[in-house]
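This chain uses plain numbering: 1 for the first residue, then up along the sequence. The structure displayed is predicted, hence computed values, not measured ones.
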Amino acid sequence: MVKYSLVGYDGSDASRRAFQFAVELARGTGGRVRVVWVLQVSEGGADACALMMADSGTQRAQELLAELATIVPDAADLVDVELTHGSPGDVLLSQVDEHNVDHIVIGHTERGALARWLLGSVSSNVLARAHVPVTIVR
């Protein structure tokens, strides 16, 4: 039975759907949801640098909780959030061991072959390397 699901969240529609799915699953199993937002310097620019250099993560975590509350208003008691930096796939996989996660939920966004080749696919990376069940939400 799933007790602790990890959601990779980036604000996209796909990650919003993944969050909704994970909350519904947690409600059905009596579990919890861990939402992780991974900032990359190349993508996050000044925001990612500021998070890495100062403790602005607490304020952004509160903003993330408020954003998640707009998606599923009554889920706050089921959700833990973390903002961190690094490679999304590596961070998500390290969270599994660090927090005893037993299930990963990731939103999948369709990209063209060139974008997948240049940027990679977080969902493919995690699916190939995870040692816990992975659900990819479209």
Side-chain angles (χ1 to χ4, degrees):
M1 184 181 308
V2 174
K3 286 295 183 187
Y4 202 27
S5 291
L6 172 67
V7 176
Y9 187 85
D10 63 5
S12 67
D13 288 340
S15 67
R16 288 171 162 271
R17 288 189 302 274
F19 173 67
Q20 288 172 314
F21 176 88
V23 168
E24 289 174 23
L25 182 64
R27 286 186 174 143
T29 63
R32 293 192 59 76
V33 177
R34 179 172 192 78
V35 177
V36 177
W37 184 306
V38 182
L39 296 172
Q40 292 179 283
V41 174
S42 62
E43 292 180 6
D47 289 340
C49 290
L51 178 63
M52 287 184 258
M53 297 173 70
D55 187 23
S56 65
T58 303
Q59 177 184 349
R60 181 60 187 118
Q62 293 303 317
E63 293 168 0
L64 177 55
L65 280 170
E67 181 176 333
L68 296 173
T70 67
I71 302 167
V72 184
D74 58 346
D77 59 330
L78 299 175
V79 177
D80 304 315
V81 299
E82 181 174 345
L83 278 75
T84 189
H85 64 280
S87 169
D90 292 340
V91 168
L92 293 175
L93 292 169
S94 70
Q95 291 274 321
V96 170
D97 293 326
E98 290 174 25
H99 299 282
N100 295 318
V101 168
D102 56 4
H103 179 234
I104 302 171
V105 182
I106 301 175
H108 177 70
T109 304
E110 289 295 327
R111 290 195 230 171
L114 179 60
R116 236 182 350 268
W117 180 75
L118 290 172
L119 303 173
S121 166
V122 173
S123 57
S124 295
N125 180 13
V126 170
L127 187 59
R129 297 173 43 210
H131 61 273
V132 297
V134 177
T135 301
I136 299 175
V137 178
R138 290 184 177 257

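- The CD1 atom of Ile106 sits 12.5 Å away from atom CZ of Arg138, with the distance rounded to the nearest 0.5 Å.
- Of all heavy-atom pairs spanning Val126 and Gly89, the tightest one is CG2-CA, 3.9 Å.
- Without hydrogens or angle criteria, Arg17 side chain to Ser12 main chain gives no donor-acceptor distance under 3.5 Å.
- A 4.5 Å side-chain heavy-atom check between Leu6 and Arg34 finds at least one atom pair inside the cut-off.
- Contact annotation: the side chain of Tyr9 never approaches that of Val81 to less than 4.5 Å [non-hydrogen atoms, C-beta and beyond].
- Side-chain contact between Arg27 and Asp74 is present, with at least one heavy-atom pair separated by less than 4.5 Å.
- Counting all heavy atoms, side chain and backbone alike, Ala130 lies closest to Ile104 at CB-CD1, 4.1 Å.
- Under a 3.5 Å cut-off, the side chain of Lys3 and the backbone N or O of His103 do not form any donor-acceptor pair.
- With rounding to the nearest 0.5 angstrom, the CG atom of Asn125 is 9.5 Å from the CG atom of Leu127.
- Remark: Asp102 CG to His131 NE2 distance equals 10.5 Å, nearest 0.5 Å.
- For the pair Leu25/Val23, no side-chain contact is recorded, criterion being any heavy-atom separation below 4.5 Å from C-beta on.
- Taking CD from Gln20 and OG from Ser15, the interatomic distance works out to 10.0 Å, rounded to the nearest 0.5 Å.
- A heavy-atom distance below 4.5 Å is found between the side chains of Tyr4 and Asp80.
- In plain terms, the two heavy atoms of Val132 and Val101 that are nearest each other are CG1-O, 3.7 Å.
- A heavy-atom distance below 4.5 Å is not found between the side chains of Gln95 and Val38.
- Looking at every heavy atom in both residues, Ala22 comes nearest to Val33 through O-CG2, 3.5 Å.
- For the atom pair CZ (Phe19) and CD (Glu67), the distance works out to 10.0 Å, reported to the nearest 0.5 Å.
- Side chains of Gln59 and Glu63: a donor-acceptor N/O pair is present below 3.5 angstrom, by distance only.
- The shortest heavy-atom contact between Asp77 and Arg32 is O-NH1, 2.7 Å.
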